[in-house]
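Contents: one structure, followed by commentary.
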Amino acid sequence: MRAVVFERFGEPAEVREVADPAPAPHGVVVRVAATGLCRSDWHGWRGHDPDIALPHVPGHELAGVVEAVGDRVAGWRPGDRVTVPFVCACGTCAACAAGDQQVCERQTQPGFTHWGSFAEYVALDHADVNLVPVPEGMSYATAASLGCRFATAYRAVVQQGRLAAGEWVAVHGCGGVGLSAVMIAAASGARVVAVDVSARALELAHAFGAAECVDASRTPDTAAAVLDLTGGGAHLSLDALGSPATCAASVAGLRRRGRHVQVGLLPSADGTTPVPMGRAVALELELLGSHGMAAHTYPPMLELVRAGVLRPDRLVTSTIGLEAVPAALAAMGTAPGAGVTVVEP
Ligand SMILES: NC(=O)c1ccc[n+]([C@@H]2O[C@H](COP(=O)([O-])OP(=O)(O)OC[C@H]3O[C@@H](n4cnc5c(N)ncnc54)[C@H](O)[C@@H]3O)[C@@H](O)[C@H]2O)c1
Ligand SMILES: [Zn+2]
Ligand SMILES: [Zn+2]
């Protein structure tokens with residue numbers, strides 16, 4: 001099959017022929033129809049993920065058609081249209097038994113723990129635990145974002161963030177995760193402040209329901225802007241970029257007893273990030289993490305998509321082929337955000 005491969009972290013990837021994957025006994029191989037380019041792919045390529053072994057094929061936000069099925073898989077057949085949470089759970093550890101497959105103790109992740117979906121085919125583990133049927137009428141390009149960023153944003157806003165109608169939400173970083181969060185929060189009846197350095201990203205955030213937009217390239221203190229616009233601070237705030245500055249600004253823009261959800265990855269040499277904990281104590285803030293979303297919690301989100309309340313299709317601003325992925329991956333280091341790029345292998 002053709003796949004995007006890199007041999008060294010941070011050095012140009014290339015498209016070339018590699019061996020086709022085979023399904024594990026509990027797994028499937030999916031023919032990739034659409035796969036989103038997520039900033040986590042860029043983190044992986046830069047060497048921020050210790051799970052990645054070289055040479056490597058990235059890609060983890062996907063939808064496609066089941067091609068081959070392991071002999072212990074009960075619920076899936078070749079030809080089924082599927083997507084998958086990028087955290088593929090084992091189904092049997094203590095976290096899985098508690099329903100928390102998104103933090104499975106023995107999770108695998110395509111594009112991180114093994115070769116991913118910037119390829120014609122990808123192997124997925126524990127298919128009976130992890131695969132999600134793509135609803136009839138939904139395109140693969142739309143369904144791909146349900147594999148990572150749209151679902152992750154849904155969990156961050158709804159499940160971890162416990163957003164209520166009428167609350168103020170701040171979203172720092174309006175790329176794939178952030179724009180999804182803006183759309184989901186606005187559809188939940190919240191008032192959203194979108195923060196980004198890119199005018200195009202803020203335009204999209206406004207179109208997806210943000211009540212206020214803050215241009216971080218021209219606003220030195222974005223937390224002060226959020227405190228001002230929300231009349232005392234956001235009830236819920238997301239760092240949907242992942243940087244010490246956006247993390248701190250998210251916490252600093254909360255009101256009393258507000259909730260911060262960290263979605264953006266925060267790679268650092270020693271694995272730590274400074275957080276204004278004095279404010280967390282004095283204002284009784286909640287600091288939460290969010291990591292993907294378990295397959296069994298997809299139905300309410302899919303129902304909102306089916307009803308047209310949530311429109312992940314509107315996030316897709318660009319569609320490219322495999323050969324354009326190496327340059328697109330490298331460009332994520334510098335280019336400002338402008339919606340979601342989907343790869344159609
Ligand atoms: N926790 C999880 O399960 C999970 C899942 C998916 C992605 N992620 C992580 O979420 C983060 C976002 O991913 P993405 O694919 O949406 O990224 P993206 O590149 O699409 O979007 C990032 C956005 O941040 C904006 N930005 C840059 N600097 C900024 C600043 N100083 N202030 C405000 N905005 C700024 C960019 O213009 C862009 O719009 C990444 O760290 C990714 O690895 C985590
Ligand atoms: Zn992702
Ligand atoms: Zn598990």
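As the structure lists them, so they are numbered: ligands from 1, and atoms in each ligand from 1. On a predicted model such as this, the values are computed, not experimentally measured, just so you know.
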Top protein contact for [atom], by heavy-atom distance:
atom                    : answer
atom 8 (N) of ligand 1  : S40 OG, 3.5 Å
atom 32 (N) of ligand 1 : T246 CG2, 3.5 Å
atom 39 (O) of ligand 1 : D196 OD2, 2.7 Å

F86 ring center near H291 ring center (under 6.0 Å):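 Aromatic pair counts; centres sit under 6.0 Å.
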Could you check whether any heavy atom of A245 sits closer than 4.0 Å to an atom of ligand 1, since that is the contact criterion I want to use? no
Should H172 be listed as contacting ligand 1, given a heavy-atom distance under 4.0 Å as the test? no
Identify the heavy atoms of H60 and S40 that sit nearest to each other, and give their distance. CE1-CB, 3.8 Å
For the student: nearest non-hydrogen atoms of V103 and A95, plus distance: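 Result for this residue pair: O-CB, 3.8 Å.
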Does an N or O anywhere in V263 fall below 3.5 Å from an N or O of ligand 1? yes
Does an N or O anywhere in L265 fall below 3.5 Å from an N or O of ligand 1? yes
Mind checking whether [X] contacts ligand 1 via backbone (N, CA, C, O), side chain (CB onward), both or neither, at a 4.0 Å heavy-atom cut-off?
X    : value
C148 : side chain
R149 : side chain
C174 : backbone

Enumerate the protein N/O/S atoms at a distance below 2.8 Å from the Zn ion (ligand 2), ignoring waters. C38 SG, H60 NE2, C148 SG
